[in-house]
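First the structure, in the form of structure tokens, and then the observations on it.
Sequential numbering from 1 along the given sequence is applied to the chain's residues. As a basis for the values below, the full set of heavy atoms in this structure was taken, side chains included, without hydrogen atoms, waters or symmetry mates.
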Amino acid sequence: MRTSNTNAVATGERIRRAAMFSLTIASIIRSYYSKFLELSLQKALPFNNHLTEEEEEQTWNEQHAYGADTLSKTVMSMQGFYVKAAQIISSRPDSIPQEYADALSVFTDDNDPLPVEVIKEVIEEELLVQRGEKFNDVFEEFDEVPLGSASVAQVHRAVLTKKYGGGEVAVKVQRPSIEDKLMGDVANLKRIAKVFRELHVDLPVDYYAVFTELEEQLKDEFDFEVEAASMERMHNILTTNENGEKRESPIVTPRSIPALVSKRVLVMEFLKGVPLSRASDEMKRKGIAADDVEVKLFARKLLKSLTTAFGWSILESGFFHADAHPGNIFILDDGRIGLIDFGQVKQVNSDFREAVAKVILALDARKSDDNPDDLVRIGTYAAGLGIKLKDDVPAHGHAAMAMWLFDGSVETYPEGYDESETSPNSPLKAMKDFPKDIVLLARSTVLVKGMAKRFGIRWSLSQEWAPIARRVLKSNTDHNVVGSSQGTTLLRLKSWGKQKATKVVNHLPGPVKKRVVSAVLRHKERGKK
């Protein structure tokens, strides 16, 4: 009876929060309708001073600023799941006014930490009880203050006992009952957003699309066994080339401790260092000036490391980190670069990889930023990525978008386009549709471009990725020449089979799925020896 009462209270709280969020959206909608009626009335009155086109645009910019500020304050007060929604909204600058992207981009997924006693209870339930072990059998040390606490999980530093190999580890623990809570929030908000969509309410943000995307994204974040497998796969991609030969990884990614992984607990190697989001404060604390020569040299190393890692994963395998941001990138104590948190990853198909590679090579081969033949060639390949333009935009919008995505060294964009995301002439403003795969890829490319700009370094991703793209296209061509149509069919069947198998495995009971994933990883390792 107590459990059902608790569930009822939790459901009631979710409905209350959803209703509060919906009232905020309704308030924003009313303000837009009021502004529309006000402007329409001004235009209808014969003796009224009509606004110029620039004045009307400024009026709407101010309206967007009001709506964005209202939404931002609501998210700030509600925290938790709503912060994740804000992050997704801000990551789609192609489909929202810039004012919303700016106001919501400041949110980071930080939550009040759970008591360490609760965290230990989850670890004992997930890892220890079935083995008949006690907490001290596994952990020699366990920091009570977490390294970080987000909406889905929080992370603690610990030291393993000799029985488990010793050494420092990071322990990621899922918040109790968080899956039902967050997915319940999403379901309620999707229902409300669907009503707005069916009523054809013209919103500055398509909330139904946002919550649908968030629902898909969250499904991947609740299973730490899948995340551990993603970590292992990324390690293999970065340390082994497409011919199966070993190579030095440009970055450090943590590996899980296989014996200490469950659906809700993930024990992994500890990366000792400072997240990039705190690097500026750390430099100030140590008295290091931002324009110091050593800082510039390190900045180039940082850019090169991330650019190479992203290039290998995106172009060679199509499997990449889909949530790269300064909080996930670490400057390690030994000077290397680390990348953590593989709860969000993306797999794209070979056609998409080839399309990106062709855009990269077209950009790299151009004679100048305004050569008409080059712009047509770049634009043709960029259109192959699925990017769609609005009807009334200047020419070469696809080429300008390709430059914006992959080349931070461009000085002058074609046809008056502007690199600044806040400019009315930004290539982003010309976009009618931005495929989700491009949005996720852009998180990596825009991150690198932004860092280069902050350090005052001209950095061309297309130039850095060109050798990788050339190698990938040559490899694909060689495979096509050697293989027959039957071989291609078999490859596609194999790919399709992998996708289906993955879905089946993801729905297996926890203990069974863990054994299957472990067996697959052991098989892959044996195949490389």
Side-chain angles (χ1 to χ4, degrees), residues 87-95 101 105 209 213 216-217 220 230 233-234 237-238 250-251 253 303 305-326 328-329 339 341-364 378-379 381-389 397-408 410 419 421 426-428 430-452 459-466 468-469 471-473 476:
Q87 289 174 321
I88 285 185
I89 294 172
S90 66
S91 73
R92 297 300 303 262
D94 60 300
S95 58
S105 64
E213 183 175 335
E216 287 301 311
Q217 192 179 96
D220 297 331
S230 296
R233 185 177 178 193
M234 184 59 69
I237 288 168
L238 295 176
I251 61 173
T253 58
L303 292 170
S305 298
L306 291 175
T307 298
T308 302
F310 293 153
W312 286 356
S313 58
I314 292 168
L315 293 171
E316 289 183 358
S317 70
F319 181 80
F320 59 93
H321 197 298
D323 190 28
H325 59 74
N328 285 342
I329 298 167
L339 181 64
D341 195 354
F342 291 85
Q344 291 182 46
V345 292
K346 178 66 180 177
Q347 175 69 63
V348 294
N349 60 34
S350 60
D351 289 342
F352 183 84
R353 291 191 294 115
E354 284 192 23
V356 173
K358 289 174 181 176
V359 173
I360 294 300
L361 292 181
L363 284 167
D364 184 58
I378 295 167
Y381 287 132
L385 294 173
I387 299 172
K388 296 179 182 177
L389 300 178
H398 281 114
M401 192 67 223
M403 291 175 175
W404 185 85
L405 278 170
F406 301 114
D407 197 339
V410 177
E419 180 185 15
E421 296 175 36
S426 167
L428 288 170
M431 298 300 106
K432 180 180 180 181
D433 186 43
F434 220 43
K436 184 181 176 184
D437 288 351
I438 291 290
V439 172
L440 297 177
L441 182 150
R443 289 183 182 178
S444 299
T445 65
V446 173
L447 172 74
V448 172
K449 277 182 55 191
M451 287 192 297
W459 193 260
S460 172
L461 277 162
S462 57
Q463 185 177 336
E464 296 290 330
W465 281 3
I468 307 172
R471 191 170 66 246
V472 166
L473 289 178
N476 290 351

(request) State whether the side chain of His398 and the backbone N or O of Gly384 hold a donor-acceptor pair below 3.5 Å, judged by distance alone. (result) no
(message) Any side-chain to backbone donor/acceptor pair from Arg443 onto Ala324? Under 3.5 Å, distance only.
(response) no
Nearest-0.5 Å distance, [atom1] of residue [X] to [atom2] of residue [Y]:
X: Arg353; Y: Asp351; atom1: CZ; atom2: CG; answer: 9.5 Å
X: Ser313; Y: Ile237; atom1: OG; atom2: CD1; answer: 6.5 Å
X: Phe406; Y: Asp364; atom1: CZ; atom2: CG; answer: 13.0 Å
X: Asp407; Y: Trp465; atom1: CG; atom2: CH2; answer: 11.5 Å
X: Met403; Y: Ile378; atom1: CE; atom2: CD1; answer: 4.5 Å
X: Glu354; Y: Asn349; atom1: CD; atom2: CG; answer: 9.5 Å

(request) Test Thr307 against Trp459 for side chain to side chain contact (heavy atoms under 4.5 Å, CB included), laying out the working first. (result) CA-CA 10 Å; Thr307 298; Trp459 193 260; 3.0 Å; yes
Minimum heavy-atom distance [X]-[Y], with the two atoms named:
X: Phe320; Y: Met234; value: CA-CE, 3.8 Å
X: Leu385; Y: Pro435; value: O-CG, 3.6 Å
X: Leu361; Y: Ala466; value: CD2-O, 3.5 Å
X: Ala357; Y: Leu473; value: CB-CG, 3.8 Å
X: Ser305; Y: Ile251; value: O-CG2, 3.8 Å

(message) For Asp323, give me all partners under side-chain hydrogen bond (donor to acceptor under 3.5 Å, both in side chains), at least two apart in sequence or on another chain.
(response) none
(message) Tell me every residue that passes side-chain hydrogen bond (donor to acceptor under 3.5 Å, both in side chains) with Asp437, counting only those two or more places apart in sequence or in another chain.
(response) Lys346
(message) Run the side chain to side chain contact (heavy atoms under 4.5 Å, CB included) test on Val345 and Phe319 for me, step by step, so that the C-alpha distance in whole Å, both residues' side-chain angles and the decisive distance to 0.1 Å come before the verdict.
(response) CA-CA 7 Å; Val345 292; Phe319 181 80; 3.7 Å; yes
Does [X] reach the side chain of [Y], with side-chain heavy atoms less than 4.5 Å apart?
X: Leu441; Y: Val348; answer: no
X: Ser462; Y: Val359; answer: no
X: Arg233; Y: Phe342; answer: no

(request) Please report the C-alpha distance between Ile360 and Tyr381 in whole Å, then the side-chain angles of each, then the deciding distance to 0.1 Å, and finally whether the side chain to side chain contact (heavy atoms under 4.5 Å, CB included) criterion is met. (result) CA-CA 9 Å; Ile360 294 300; Tyr381 287 132; over 6 Å; no
(request) Please lay out, stage by stage, how Met451 and Leu306 fare under the test side chain to side chain contact (heavy atoms under 4.5 Å, CB included). (result) CA-CA 11 Å; Met451 287 192 297; Leu306 291 175; 3.2 Å; yes
(message) Going by the rule side-chain contact (heavy atoms from CB on, under 4.5 Å), which residues pair with Thr308 if we only count those two or more places apart in sequence or in a different chain?
(response) Pro250, Lys304, Trp312
(message) Can you tell me if Gln347 has over 12 outside heavy atoms packed within less than 6.0 Å of its CD?
(response) yes
